[in-house]
Number of protein chains: 2
Amino acid sequence: MSSRSQAIADILTRAIIDHRLVPGCKLGERELAEIFGVSRIVVRQAVIRLADDGLAQIERNRGAFVAKPSMQEAMEIYDALTLVEQGVAAQLSERLGPGGWAELRQHVERQRQAVAAGNDALADVLGQEFHSVFVRLSRNKVMQDIHAQLVRRTTLLRSLITADFDYCNLLDDHSRVIDLLEKGRLKKAMELIDTHHRSVVRGYIMDRAVFPELSPREALSPYLAGDGDKTDAASDKAGAEQNGARIYAIPPANLRRTQAGDP
Amino acid sequence: MSSRSQAIADILTRAIIDHRLVPGCKLGERELAEIFGVSRIVVRQAVIRLADDGLAQIERNRGAFVAKPSMQEAMEIYDALTLVEQGVAAQLSERLGPGGWAELRQHVERQRQAVAAGNDALADVLGQEFHSVFVRLSRNKVMQDIHAQLVRRTTLLRSLITADFDYCNLLDDHSRVIDLLEKGRLKKAMELIDTHHRSVVRGYIMDRAVFPELSPREALSPYLAGDGDKTDAASDKAGAEQNGARIYAIPPANLRRTQAGDP
DNA sequence: GATGTAAAATTGGATAGCAATTCCTGTTTT
DNA sequence: AAAACAGGAATTGCTATCCAATTTTACATC
């Protein structure tokens, strides 16, 4: 493995995008150091990584907190995401071979099955992953990293937001984008990507607690391997094994019946 | 000021984009700590920031080095930059008001004057800045940060590259892009952005030392405020005061007569 | 010259400690 | 009772020193 601080940064990132660490939550050095069983310095390095990623904010002499983006910043993030995905769409519409389209369709199909099976958590994750698969097909690792970062930030946004509108008309956006792109109707596809994101962001209402604020110790306990204090939080919130990858996030009630994970 | 490690990361970044610290250069903790007069830990934190930015590579138990991107990665970076700037162009063509176009033209004009005056160093910087101004007009800070990071990485690339082709036909690309966009000829403008970057990257020849490898101490001496050991490197390589901002980079001979700073 | 081994140097991390700043709390004042 | 204040507790940012693991270097051997 690389460095300890990277490992811890990864866990914190995971906890944030799982909505277990919510915006504004204090990331105290001493507390985290104790939780992870490392020195304060390692924690600090991990937090620096999070801050560079836009997931944490460091205030001098006050410490680090899970980032709490403003509505303005939320819109900018979605704008940037739209721009990136539209650009990738343009590239794919020219360059993608049959295998690529097939992979995308297969992914959508898997998600559809998950929805049909009522496995909301899985559907949620697959809905997010679609966008990553999409970008991965551009075969540009730099672009992938940028996109992944933006997606993480949109996921963070969803922690402090209630999306109280009808998601149903977004359900088929993914497959429609694929169809349009493969047919070469790029402009239409790009518009769809735009409205897709726009309708998501329009539904946002901020300044309203959506996810419960857990203490860092509660929030992080499911991710700790050895010394798992088998607290309540670990057993009833985490779980859901799929494809060898653990899926910790279970969307809360207000997102359950929808395609909420979709940026 | 924010943190000490951030300040040091900024200086190192500056030194890298000024081609004073070249790819592959070892960033030893002890050495840098001594140079900056801080503890090793602060240096490590700074280097983590650089690594997150793609400007350094950290190898476990071996230390940090200025990043040495492969040709593949170089092309991906330019592809990503193209994608971003095309996207911004599309936004600006719809949304930008007269004041914005004027600002862009004014910037180009300043660069033209610098070229005419033979101030290659300034022209170089202005050529780079144009792209940043362009993106700033999108009024999206998130996008700006992503773009700035990509520009830094292209600048890093130019450290290990010789651009031995004719830049002359790129000289007016900026103003042509402005003209096309203002006239609503978006597609043409996007093509021009693409060919602009493509012709730059096509001229690259890698695996050839372009900039001399200085020791970190030599490379960093111009940036240190107080304890400036007035070594030779400081006096003959750095300087050039302009607009209140110090411009340390003087392009070497092979880039001098061109618009080399242009990503 | 190639190879193997011991010494030196370097990294990643732990720990203890210190000045500066911020937070908290209890008291005083209005 | 509410506001203002003061001082101690807690936290951060950083230094210094130490240690194990790993890598690099130097040297000796084949």
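Every chain is numbered from 1, with letters handed out A, B, ... down the list of sequences. Since the structure is predicted, the reported quantities are computational estimates derived from the model, not experimental observations.
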Handout entry: side-chain contact (heavy atoms from CB on, under 4.5 Å) partners of Gln144(A), counting only residues at least two apart
Key =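 For Gln144(A) the side-chain contact (heavy atoms from CB on, under 4.5 Å) partners, ignoring immediate neighbours, are Val135(A), Arg136(A).
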Practice task
Would you please name every residue forming a side-chain contact (heavy atoms from CB on, under 4.5 Å) with Ile41(B), sequence neighbours left out?
Solution key: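 Ile41(B) satisfies side-chain contact (heavy atoms from CB on, under 4.5 Å) with Ile41(A), Ser39(B), Gln45(B) once adjacent residues are dropped.
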Exercise for the section: For the pair Glu73(B) and Arg153(B), find out whether any cationic side-chain nitrogen is under 4.0 Å from an anionic carboxylate oxygen. Expected result: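 Answer for the salt bridge query: yes.
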Exercise for the section: Go through the structure and list residues passing salt bridge (Lys or Arg N to Asp or Glu O under 4.0 Å) with Arg139(A), not counting sequence neighbours. Expected result: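 Checked Arg139(A) against salt bridge (Lys or Arg N to Asp or Glu O under 4.0 Å); zero matches.
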Practice task
Could you list the residues that satisfy salt bridge (Lys or Arg N to Asp or Glu O under 4.0 Å) with Glu129(B), not counting sequence neighbours?
Solution key: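 Expected list: none.
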[X]: side chain to side chain donor-acceptor pair (under 3.5 Å) partners, not counting sequence neighbours:
X         : value
Asp145(A) : none
Asp53(B)  : Arg152(B)
Asn140(A) : none
Arg49(B)  : Ser5(B), Gln6(B)

Practice task
Scan residues 32-45 of chain A for pairs that pass salt bridge (charged side-chain N to carboxylate O under 4.0 Å, His left out), counting only residues two or more places apart or in two chains.
Solution key: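 Non-adjacent pairs meeting salt bridge (charged side-chain N to carboxylate O under 4.0 Å, His left out): Glu29(A)-Arg40(A), Glu29(A)-Arg44(A), Glu34(A)-Arg217(A).
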Handout entry: Sequence-aligned protein contact record of nucleotides 6-21 of chain D, with B where the base is within under 4.0 Å of a protein heavy atom and S where only the sugar-phosphate is
Key = -----SBBBBB-----
Problem - Inter-end axis angle, the helix from dG1(C)-dC30(D) to dT30(C)-dA1(D), with every axis fitted to five base pairs (rounded, 10 degrees) - result: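 Comparing the axis at each end, I get an angle of 10°.
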Practice task
Shoot me the first and last contacting nucleotide of DNA chain C against chain B, ordered 5' to 3', at under 4.0 angstrom to non-hydrogen atoms.
Solution key: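 Contact span on the strand: dT10(C) to dG13(C).
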